[in-house]
Amino acid sequence: MSASRNIVILGSTGSIGVSTLDVIARHRAGFKVIALSAHRRIEVLFGQCAEFEPQYAVVGDARSAEQLAARLHAAGSSTEVLCGEQALERIAALPQADTVMAAIVGIAGLRATLAAVQAGKRVLLANKEALVSAGPVFMSAVRSGGVTLIPVDSEHNAVFQVLPAGYSGDTTAAGVRRILLTASGGPFRDMPLERLAYVTPEQACAHPNWVMGRKISVDSATMMNKGLEIIEAHWLFNAAEERIKVVVHPESVIHSLVEYVDGSVLAQLGNPDMRTPIAFALGFPQRIEAGVDFLDLAALGKLSFSEPDHVRFPCLRLAREALRAGDNAPAVLNAANEAAVSAFLASQLRFDQIPVLIEHALGEIAVAKMHNLEDVFSADRRARDCAEMWLKRNAVVAVRHPQRVAARQAARRSLP
Ligand code: NAD
Ligand code: MG
């Protein structure tokens, strides 16, 4: 790296946060870690503070803050420990930081990520839910602050890499016909449909190609992850919904493609390892080493592609419908999905009920304008309340006794 960068990592103990520190550790002279944050994994955060000596560490609650501060103090560390959401916003906007890695999962990261944008930081965006929920509000802050926003999500990072340098957000002027997002299809791509009702959180979190946090792993299994990524691509690249296509590519070697009007299709390839897009974002516009194995095309032999199965993955349709409906619909989609995924992970909802719950919330909550952050959180709250009521009425019995429910449904179907 030619000049040193001062970086804040929001969500440093997660999968993306840990990979970010792994890349930074390979370039000690290029980066100074100013602040780190974790929600609950205090042990991991303690180790990161000992290694990278940030000025600040932020945790979710006062008790965790006390514990971490005591341990750091005993170890002779000068890291100051803060807690709560306002502290996250504070570290995202620190004057001594120039770059913020936004790697908190879910809408929980929105305020801090937006604070980084509003403070004019260079924002490396992994936290897709922030952009999906608050699209117009988020992008207007990016534009008015002239902020450099670099996508970390592997597909969007790939698209960013193969769009013309200095792409202005005008697909027509750039000669872009379509953006092709690749999708692995997740762990249940070939599972018989009737078994989807009985899959466990452990099965859903065992992704064939990527090691990720639990929420995004479930999203990949339902393909809501690709749905959220269609919305993310819409905002990042100013592309109309019908210009964003999904292609199933189980090997996860091509991370996405851009199709141009002259028939050229440009792609970014690499082994499925998030350290590649993270290193790209950290070093941009310079390329830096990421610790990733290089691709051996001859050993791979062949790559395969197919159309997504919309019957198996209704979440893709729901995300497209929410994007077309516009305004607060993507925020409702995101919140209902977050509620559904956490209920599934807590064994309070069956896997195949996730899209049912989301569709219910989208049907219940009228589309309304979104002018500011409060409108985003209002849509988010309403969707979560709606999901909670639905869960009380529908879900628990079906999870505890899936066979009994299936038998009852079959009996009902066979009634004259
Ligand atoms: P993770 O669950 O492994 O880590 C999440 C991080 O956020 C942790 O540091 C956790 O402490 C913090 N966090 C969780 N809840 C919080 C809260 N309420 N308040 C403050 N902090 C909180 O998740 P991940 O897989 O690293 O994903 C992070 C983000 O990056 C997600 O938005 C995900 O969609 C996106 N992303 C991840 C990958 C991947 O390979 N893991 C790839 C592309 C995009
Ligand atoms: Mg992705």
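The chain is numbered in sequence order, starting from 1. Order of listing sets the numbers, starting from 1, for every ligand and every atom in it.
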Task: Heteroatom of Glu229 nearest to the Mg ion (ligand 2) (N, O or S, atom name) - done: OE2

- [ ] Could you tell me the residue and atom name of the protein heavy atom closest to atom 4 (O) of ligand 1, and the distance to it rounded to 0.1 Å?
- [x] Gly14 CA, 3.1 Å

TODO: Determine, considering heavy atoms only, which of His39, His156, Glu129 sits nearest to atom 31 (C) of ligand 1.
DONE: Glu129

Open item on the list: Return the closest protein heavy atom for atom 36 (N) of ligand 1 as residue, atom name and distance.
Closed with: Ile216 CD1, 3.6 Å

Open item on the list: For Met212, which part has a heavy atom under 4.0 Å from ligand 1: side chain, backbone, both, or neither?
Closed with: both

Task: Donor-acceptor contact below 3.5 Å, side chain Gln348 vs main chain Ala343 - done: no

- [ ] Using distance alone, determine whether Leu88 and ligand 1 share an N or O pair under 3.5 Å.
- [x] no

Open item on the list: Applying side chain to side chain contact (heavy atoms under 4.5 Å, CB included) to Glu229 and Ile244, what does each step give before you reach the verdict?
Closed with: CA-CA 10 Å; Glu229 289 181 357; Ile244 306 168; over 6 Å; no

TODO: Look at ligand 1 and say whether Lys128 reaches it with a heavy atom at a distance under 4.0 Å.
DONE: yes

- [ ] Determine whether the side chain, the backbone, both or neither of Val105 has a heavy atom under 4.0 Å from any heavy atom of ligand 1.
- [x] both

- [ ] State plainly whether the residues Glu364 and Arg382 are in salt-bridge range, i.e. N to O under 4.0 Å.
- [x] no

TODO: May I ask you to say whether Lys392 pairs ionically with Glu388, meaning some side-chain N is under 4.0 Å from a carboxylate O?
DONE: yes

Open item on the list: Is there a polar contact between ligand 1 and Gly213, counting only N or O atoms under 3.5 Å apart?
Closed with: yes

- [ ] Answer yes if the side chains of Ser184 and Asn209 hold a donor-acceptor pair under 3.5 Å, and no otherwise.
- [x] no

Task: Shortest protein heavy-atom distance from atom 9 (O) of ligand 1, along with the residue and atom involved - done: Thr13 OG1, 2.8 Å

TODO: Could you tell me if any non-hydrogen atom of Ala103 lies under 4.0 Å from any atom of ligand 1?
DONE: yes

Open item on the list: Just verifying a value: how many Å separate Ile358 CD1 and Glu338 CD, rounded to the nearest 0.5 Å?
Closed with: 10.5 Å

Task: Between Thr182 and Glu155, a side-chain donor and acceptor under 3.5 Å - done: no

TODO: Return yes if a side-chain donor-acceptor contact under 3.5 Å exists between Ser64 and Asp61, otherwise no.
DONE: yes

Task: Residue, atom name and distance, where the atom is the protein heavy atom closest to atom 29 (C) of ligand 1 - done: Ile104 O, 3.8 Å

TODO: Could you list the atoms of ligand 1 found under 4.0 angstrom from a heavy atom of Ala38?
DONE: 11 (O)

Task: Distance-only side-chain donor-acceptor flag, Asn337 / Asp219, under 3.5 Å - done: yes

Task: Protein residue, atom and distance nearest to atom 41 (N) of ligand 1, heavy-atom basis - done: Ser15 OG, 3.2 Å

TODO: Using distance alone, determine whether Arg40 and ligand 1 share an N or O pair under 3.5 Å.
DONE: no

Open item on the list: Ser154 versus ligand 1: do any nitrogen or oxygen atoms come within less than 3.5 Å of each other?
Closed with: no

Task: Ser168 versus Asp170, side-chain donor and acceptor atoms under 3.5 Å - done: no

- [ ] Mind checking the CG-CD spacing from Leu110 to Glu85? Nearest 0.5 Å is all I need.
- [x] 8.5 Å

Task: Protein heavy atom at shortest distance from atom 35 (C) of ligand 1 - done: Ala126 O, 3.1 Å

Open item on the list: Please list the nearest protein heavy atom to atom 27 (O) of ligand 1 with its residue and the distance rounded to 0.1 Å.
Closed with: Ile16 CG1, 4.2 Å

Task: Salt-bridge contact Asp385-Arg381 (side-chain N to carboxylate O under 4.0 Å) - done: no

Open item on the list: I need the OD1(Asp153)-the Mg ion (ligand 2)-OE1(Glu155) angle, rounded to 10 degrees.
Closed with: 100°

TODO: May I ask you to identify the nearest protein heavy atom to atom 44 (C) of ligand 1, giving residue, atom name and distance to one decimal place in Å?
DONE: Asp153 OD1, 3.5 Å

Open item on the list: Can you tell me how the ring of Trp390 sits relative to the ring of His360, calling it parallel under 30°, perpendicular over 60° and tilted otherwise?
Closed with: tilted

Task: 4.0 Å heavy-atom contact, Lys215 with ligand 1 - done: no

